[in-house]
Amino acid sequence: MTVAPPSASPASEARGATTIALPRTSESPELLRIRHSMSHVLAMAVQSLFPKAQVTIGPWTETGFYYDFDNPDPFTEADLKAIKKEMGKIIGRRLPLERIVVSREEAERRIRAQNEPYKLEILAGLVEPITLYTLGDGWWDLCAGPHVGNTSELNPKAFELESVAGAYWRGDETKAQLQRIYGTAWETPDQLAEYKRRKEEALRRDHRRLGKDLDLFSIEDEAGAGLVFWHPRGARMRLLIEDFWRQAHFDDSYELLYTPHVADISLWKTSGHLDFYSESMFGPMQVDERQYQLKPMNCPFHVLTYANTLRSYRELPIRWAELGTVYRYERPGVMHGLMRVRGFTQDDAHVFCLPDQIGDEILRVLNLTERILSTFDFRNYEINLSTRPEKSIGDDDVWDLATRGLVEALERKGWAYKIDEGGGAFYGPKIDLKIEDAIGRMWQCSTIQLDFNLPERFDLHYVAADGSRQRPIMIHRAIFGSLERFFGIMIENYAGDFPLWLAPEQIRLLPVTDEVRAYADDLQAQLRAAGVRATVDSSGDRLGKMIRQGEQQKIPLLAVIGAQEAAAGSVSLRSRRDGDLGSLPVATLITAACTANAQRLATLPQ
RNA sequence: GCCCUUGUAGCUCAGUGGUAGAGCACUCCCUUGGUAAGGGAGAGGUCACGAGUUCAAAUCUCGUCAAGGGCUCCA
């Protein structure tokens with residue numbers, strides 16, 4: 001859904017939008033046929049080059065297709081080349097694809113004749129009518145279709161084999177490991193070229209690449225996988241993000257908490273996490289006579305803080321937030337840059353409220369979510385509302401009230417949403433929100449979950465107006481989700497070209513000669529005193545070199561300082577986003593930069 | 001955890017059994033230069049780690065760790 005007009009992201013704007021549309025497979029019946037057929041061509045090519053390869057499944061994906069094979073030897077990159085060549089030949093033979101309806105017995109007879117055990121297993125799961133598609137005279141595959149009528153409808157210059165990967169038969173890790181070949185296919189070579197261009201664009205934005213190039217963070221072998229080191233530049237950005245986040249929460253009547261990183265393991269027994277998620281937790285440590293646990297979640301701490309004293313209904317809602325660093329054991333092989341790590345900081349908050357406050361509180365969270373995300377230019381959202389699953393706890397009327405509260409809040413907010421029936425957690429319904437980045441990818445960050453479980457387990461209560469003790473409703477919510485992951489998404493969204501307010505180094509002063517170094521140093525001091533992140537290029541390089549370095553490091557503002565500027569008390573300013581801004585008095589620069597910081601602008605005002 | 005690929009200087013990478021290489025970055029010298037790379041010299045490596053084969057291993061074999069592409073998983 002579109003909540004507001006898409007932001008004119010400077011990065012994407014600068015690159016220029018393309019006019020070549022790349023429909024997803026599910027949006028294009030033509031591409032669906034092409035990709036379906038292409039996977040058959042792939043399978044036929046593989047079997048002609050590797051007679052021992054057994055076929056399994058070969059579906060389309062949103063951008064292409066893949067096929068899983070059981071082959072004694074794994075395929076290599078070199079094999080892909082040969083396979084692609086063979087596919088080209090098959091396409092060139094203009095082979096017809098024909099749909100044939102067969103009886104189960106006929107299908108079984110044909111499969112046995114070819115000794116394809118996986119096909120037999122697939123057949124067992126099929127319901128009539130059983131169809132297969134032939135490709136040329138000899139080759140066929142069980143398939144529901146649809147396909148192109150003839151390989152002449154496939155453009156041999158519009159497909160590519162992309163990678164080889166392992167995959168489990170039926171996606172089950174206890175079953176055979178197969179070799180999967182991924183490919184992409186389009187109607188025209190232009191589309192293929194555009195697809196490749198977009199892939200390169202995604203690569204150019206890769207936060208791991210940019211994190212290294214811009215010296216933002218690292219992950220150190222000696223320390224362990226999935227543990228993030230924030231370098232000064234990254235840390236500076238994180239502080240700016242956190243400062244904004246904190247202020248936004250105070251503005252919205254939250255209070256902030258700090259809680260420990262480890263605690264007695266009994267907390268996780270009480271919360272139930274140990275039963276369900278112990279294999280995702282770091283192991284416990286023995287300290288004195290007690291077992292301690294590195295925290296995988298913050299909620300029990302906030303719950304204990306709530307329970308620390310007797311609460312009145314008059315105090316509710318209580319809104320507590322914490323940038324809480326948690327540790328979760330991720331299996332080796334699943335870590336991915338900042339996106340999937342073992343130690344990360346949740347922008348966690350818990351709202352303790354009365355049942356009839358749910359609607360207002362959720363709306364409040366939605367507003368805060370929009371405020372925070374839009375500040376980082378994420379303005380397009382996709383929203384999912386997940387309702388009660390089969391296996392769950394809590395009374396029907398509480399679930400109804402809670403679910404109605406979520407719906408009502410979304411409707412008051414005017415946000416369109418999809419319903420994921422039965423997709424909620426066992427302890428309550430939830431709203432998940434995905435954000436769209438500058439190149440159209442969706443990322444799930446924010447989540448708002450109602451919880452009837454923890455208040456029960458920790459026996460939370462408040463004193464109601466009639467003096468009775470009642471159970472509060474608990475709302476968990478995170479807006480960034482994980483600060484590390486959000487940072488990664490943000491890096492990719494901006495492609496490292498951060499808005500001025502967020503850039504770790506906002507302005508670099510480039511002295512043309514040594515004679516103006518003193519002026520540059522003084523200017524740097526003035527800027528820093530005003531809260532502007534300024535540095536002086538002390539390399540002694542020639543101007544052209546300093547500008548090249550500054551541009552490569554994506555510094556938003558470069559100020560050339562020579563004899564003229566020193567004499568006039570000015571700078572010659574060059575903006576990464578707006579180009580040459582000409583000569584500017586120092587006072588004007590400082591005022592403009594301060595305004596940009598205060599208003600969180602992407603570039604200098606006016 | 002599973003399959004495949006990879007690991008050489010701070011970075012990007014070359015080097016296929018016989019003395020460890022390049023570009024950029026870094027240090028020094030010359031150059032005082034006005035909007036995307038001025039010139040020269042120098043320093044820098046336990047070739048991820050451990051074991052093995054060999055007269056000899058960055059190179060071959062095995063193991064460990066980590067990274068990358070996937071699979072599985074993700075409160």
Side-chain angles (χ1 to χ4, degrees), chain A residues 61 66 68 70-71 73-77 79-80 162-182 203 206 208-209 212-213 215 218-227 268 271-281 296-300 326 328-337 339-342 346 425-428 430 444 447 449 451 453-454 476 478 481-482 485 510-517 539-553 558-565 572-576 579-583:
Chain A
T61 66
Y66 66 82
D68 287 349
D70 189 342
N71 194 46
D73 300 311
F75 300 121
T76 65
E77 294 293 319
D79 293 334
L80 285 193
E162 300 184 281
S163 61
V164 200
Y168 299 109
W169 168 236
R170 298 250 143 125
D172 183 338
E173 64 181 317
T174 64
K175 297 206 164 116
Q177 180 91 36
L178 308 173
Q179 297 288 317
R180 175 172 298 178
I181 297 178
Y182 280 97
L203 213 61
D206 191 310
R208 294 165 301 185
R209 169 90 263 134
K212 191 179 270 187
D213 288 350
D215 197 16
S218 65
I219 291 164
E220 302 292 332
D221 276 14
E222 292 101 312
L227 302 171
W268 313 107
S271 74
H273 289 114
L274 206 56
D275 295 334
F276 285 96
Y277 307 107
S278 60
E279 82 264 4
S280 300
M281 288 159 65
M297 297 209 93
N298 302 300
C299 2
V326 298
R328 298 182 181 178
Y329 173 74
E330 297 284 1
R331 296 163 86 183
V334 305
M335 263 76 74
H336 179 89
M339 303 302 187
R340 186 90 178 258
V341 292
R342 282 178 172 166
Q346 288 185 315
F426 72 90
Y427 50 76
K430 62 173 181 175
Q444 204 219 296
T447 181
Q449 306 182 355
D451 187 348
N453 182 47
L454 279 189
H476 306 253
S482 147
R485 182 164 177 274
L510 313 179
V512 178
T513 64
D514 285 345
E515 277 72 59
V516 292
R517 271 298 296 277
S539 65
D541 286 325
R542 285 188 156 72
L543 181 59
K545 181 67 173 292
M546 290 192 285
I547 286 171
R548 180 180 157 83
Q549 294 285 325
E551 292 291 355
Q552 283 187 335
Q553 290 164 31
L558 298 174
V560 176
I561 291 166
Q564 297 165 37
E565 287 77 14
S572 173
L573 202 61
R574 188 185 154 112
S575 160
R576 189 159 164 79
D580 189 356
L581 299 180
S583 181

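Every chain is numbered from 1 and lettered A, B, ... according to where its sequence line falls, protein lines coming before strand lines. Because the structure is predicted, anything quoted here is derived from the model rather than measured.
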Polar atoms only, N or O, under 3.5 Å: list the protein pairs with nucleotides 11-13 of chain B and their distances.
residue : atom : partner  : partner atom : Å
B:rU12  : OP1  : A:Lys212 : NZ           : 3.3

Practice item. Summarise how protein sits on nucleotides 22-31 of chain B as a single string, 5' to 3': B when a protein heavy atom is under 4.0 Å from the base, S for sugar-phosphate-only contact, - for no contact. Key: ---S-----B
Check your understanding: A:Asp451: what forms a salt bridge (charged side-chain N to carboxylate O under 4.0 Å, His left out) with it, not counting sequence neighbours?
Key -> none
Point to revise | Short N-O contact, A:Arg331 and A:Glu173, less than 4.0 angstrom | key: yes
Review point. Looking at residues at least two apart in the chain, or sitting in another chain, which of them share a salt bridge (charged side-chain N to carboxylate O under 4.0 Å, His left out) with A:Glu551?
Key: A:Arg574, A:Arg576
**Study point:** Contacts of type side-chain contact (heavy atoms from CB on, under 4.5 Å), residue A:Asp221, not counting sequence neighbours
**Key:** none
Practice item. Select base, sugar-phosphate, or nothing to describe what A:Met546 touches, counting heavy atoms under 4.0 Å on all strands. Key: nothing
Review point. Can you name the side-chain contact (heavy atoms from CB on, under 4.5 Å) partners of A:Arg542, sequence neighbours left out?
Key: none
Study note, to complete from the structure: Applying the 3.5 Å cut-off to both distances, the Watson-Crick or G-U partner of B:rG17 turns out to be none
**Study point:** Qualifying residues under side-chain contact (heavy atoms from CB on, under 4.5 Å), relative to A:Ser271, sequence neighbours excluded
**Key:** A:Trp268, A:His273, A:Pro300, A:Leu454, A:Phe458
Revision key, fill the gap. The side-chain contact (heavy atoms from CB on, under 4.5 Å) partners of A:Arg170 (sequence neighbours excluded) come to A:Glu121, A:Ile122
Revision key, fill the gap. Protein-proximity profile, nucleotides 70-75 of chain B, B/S/- by nucleotide at the 4.0 Å heavy-atom cutoff, equals BBBBBB
**Study point:** Minimum side-chain heavy-atom gap A:Asn453-A:Phe426 below 4.5 Å
**Key:** yes
Exercise for review: Calculate the interatomic distance between A:Leu543 atom CG and B:rG33 atom P; express it in whole Å.
Suggested key: 12 Å
Check your understanding: With A:Arg340, which residues qualify under salt bridge (charged side-chain N to carboxylate O under 4.0 Å, His left out), at least two apart?
Key -> A:Glu330
**Study point:** A:Gln553 CD to B:rA36 C1', straight-line distance once rounded to whole Å
**Key:** 13 Å
**Study point:** 5' priority, RNA chain B, between A:Val512 and A:Gly224 [closest heavy atom]
**Key:** A:Val512
Exercise for review: Searching all strands shown, indicate the nucleotide that pairs with B:rA36 (Watson-Crick or G-U wobble; both distances under 3.5 Å).
Suggested key: none
Review point. Among all residues two or more places apart in sequence or in another chain, which pass the ring pair (Phe, Tyr, Trp, His ring centres under 6.0 Å) test with A:Phe75?
Key: A:Phe50, A:Phe69
Practice item. Only counting residues at least two apart or in another chain, list the ones meeting salt bridge (charged side-chain N to carboxylate O under 4.0 Å, His left out) with A:Asp215. Key: none
Point to revise | A:Asn71 CG to B:rC4 P, straight-line distance once rounded to whole Å | key: 12 Å
Review point. Partner of B:rG23 by Watson-Crick or G-U wobble geometry, both contacts under 3.5 Å, or none?
Key: B:rC11
Exercise for review: Find which nucleotide of RNA chain B each of A:Gly226 and A:Glu565 is nearest to by heavy atoms, and output the residue with the more 5' nucleotide.
Suggested key: A:Glu565
